[in-house]
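Working notes for the structure below.
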Amino acid sequence: MPIVFDNRYARKFPEITTRQPIKPDGGANLRWLNNPLWAELASEETPPAKLAEWLGGLESWPGSDPVAQKYAGHQFGHFNPYLGDGRGLLLGQAVVGDRITDIHIKGAGPTPYSRGADGRAVLRSSIRELLASEALHALNIPTTRALALISTQGTIQRERVEPGAMLARTATTHVRFGHFEYCFHRVLEETMKNLWQDTIEVTWPHLADADIAEQFSQVVKSTAEMIAAWQAYGFIHGVMNTDNMSLAGETFDFGPYAFLDDYQPEKIFNHTDAGGRYGLLQQPGVGLWNLQRLAQAISPLIKADELRSALETYEPELRKAYLTRMTERLGMSSVPADERMQLVGGWLSLLEVNKVDYQLAFRDLIDSLEAREPKGFLAQSGESWWLEYNNAVSGKSDIDVMKQVNPWVIVRTHLAQRVIEAAEAGDDSLLHDYIQALMKPFSESLRESSWAKPPTAEEQVSELSCSS
Ligand code: AMP
Ligand code: MG
């Protein structure tokens, strides 16, 4: 069966969309397809022969009704009403059973919201988004997904001239906090109300008839849980502007993101973020700040004290979700809840002082538990924490759980770079190999893989290009 579209967004919200087709940029070459995701959406294994042409805009995709979405947002703390899909188009909503899924294409050419920019995306940033979204998904962190990557024949001027691409992605919704900020700014109250209700119906159907206070509390909770998961896995989004915050609490719009290698929580990856607004340790606070902007925007729909009480649940929800994740990662469900945070604190200081790789440290812990003596970095510098941990868990670590939540492979900037350089030269074998590892990151067979290796001192990428 082909993908069945129900273009509900285009149909319901003409006043905040612009209909337009994908503007091709030369040819369209399918470089990667997410086969399992394709099978979920289309209930067929093989993609249609025309898929690349449809995605590249050479032919229109039967049933789709592409629109650019209008929105606003707070960027680095400042309100900007002039945003919108400047290079992306919402192709439509795929219907799967009683759920719908947005399909969006990024790099589809200029729109009325491009603000003079070219409307294109480079292969480099498209690959980076693809890697991160599938890696986060495999870690059970809510995120948009990458569906397909095509390259075009366009050459795009960024810091250098680069090959162009388009990335098809899926999401529960592409409605951002910034959509409501736009409606507030333009006093589009009726639109705001309908957009809120529609997005809730799509995202949390069981809350369709709940009151807005309860629905907003769910947005708060989902955002808190997403950010808690980022913190637990050392994921730095990098551009947490309100136009990059999905109402569904899915990780959204990947730019200069990074996963920590060495545990250095103060490190800044986005070099346009001179004040360090979006560093790892800032993320929980920025999440709340962004929710406050959303609360302000929807204030015409809901009482101020209801908004306030929902916002007050953010911090406890985030703490709870973070502790749940860390309890799994450290296998310490047998430890009383009020003692776990101390073990986490000790673990993080240990990693920070010794500049230990944040991901592989957890694997050292598993190895140590299996060997019943400290292994890896724990043998060199972690003996006192190891003793404290053993005292606390007293032989009851959840090793099986730990093996299912502690990846061997994550997105590492230097490895992404290697994959991108090969792909730019026309060789996609590294890309396919890396993505396969990222989709099954807990597999024991990856222990010795080159994808599991942290960067050497020479391989550390210190300056990340923020252009995309
Ligand atoms: P981003 O930093 O990708 O989240 O984008 C912020 C805003 O700039 C969004 O409104 C984008 O659509 C727009 N934008 C980013 N890059 C381009 C581009 N190359 N052409 C047109 N608009 C863009
Ligand atoms: Mg964005």
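Just follow the structure's listing: the first ligand is 1, and inside any ligand the first atom is 1.
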Do any nitrogen or oxygen atoms of G86 come within less than 3.5 Å of a nitrogen or oxygen of ligand 1? yes
Closest to the Mg ion (ligand 2), among the N/O/S atoms of D253, is atom OD2
Q: Consider every N or O of G84 and every N or O of ligand 1, then say whether any pair is closer than 3.5 Å.
A: yes
TODO: Determine whether any heavy atom of S468 lies closer than 4.0 Å to an atom of ligand 1.
DONE: no
Name the orientation class of the two ring planes belonging to H179 and Y71 (parallel below 30°, tilted from 30 to 60°, perpendicular beyond 60°). tilted
Taken to the nearest 0.5 Å, the spacing of L167 CG from S151 OG works out to 12.0 Å
Q | Within-cutoff protein neighbour (heavy atom, under 4.0 Å) for atom 10 (O) of ligand 1 | A | yes
Counting heavy atoms under 4.0 Å, the part of D253 that contacts ligand 1 is side chain
Q.
Any non-hydrogen side-chain atom of P454 less than 4.5 Å from a side-chain atom of L360?
A. yes
Atoms of ligand 1 under 4.0 Å from any heavy atom of R120, numbered from 1 in the order shown, are 19 (N)
Any heavy atom of Y71 under 4.0 Å from ligand 1? The part involved is side chain
| said: Under 2.8 Å from the Mg ion (ligand 2), can any N, O or S atom of N244 be found? | reply: yes
With heavy atoms and a 4.0 Å threshold, my read on which part of R158 contacts ligand 1 is side chain
If you scan protein heavy atoms around atom 20 (N) of ligand 1, the nearest is G119 N, 2.8 Å
ask   = When the ring planes of F362 and Y358 are compared, do they come out parallel, tilted or perpendicular, using 30° and 60° as the limits?
value = perpendicular
From the list W230, Y233, F235, ring-ring contact (aromatic ring centres under 6.0 Å, His included) partner of F259 resolves to F235
Query raised in the report: So, F252 versus H237, ring centres under 6.0 angstrom or not?
Result: no
Establish, for the pair R128 and Y257, whether the NZ or CZ atom is under 6.0 angstrom from the six-membered ring centre and no further than 45 degrees off its axis. yes
ask   = Should N244 be counted as touching ligand 1, given the test is an N or O pair under 3.5 Å?
value = yes
Looking at R115, K106, R87, R176, the heavy atom closest to atom 17 (C) of ligand 1 belongs to R87
The closest protein heavy-atom partner of atom 19 (N) of ligand 1 is D118 OD1, 2.9 Å
request  = Establish, from distance only, whether the side-chain atoms of S126 and R31 form a donor-acceptor pair under 3.5 Å.
outcome  = no
Between F79 and H74 (judged by ring centroids, cut-off 6.0 Å), do the two rings come close enough to count as a pair? yes
So is there a nitrogen or oxygen of D85 less than 3.5 Å from a nitrogen or oxygen in ligand 1?
-> no
**Asked** With a cut-off of 2.8 Å, does any N, O or S atom of D243 fall short of it relative to the Mg ion (ligand 2)?
**Response** no
Distance col, row M192:CE vs S299:OG, nearest 0.5 angstrom, shows 7.0 Å
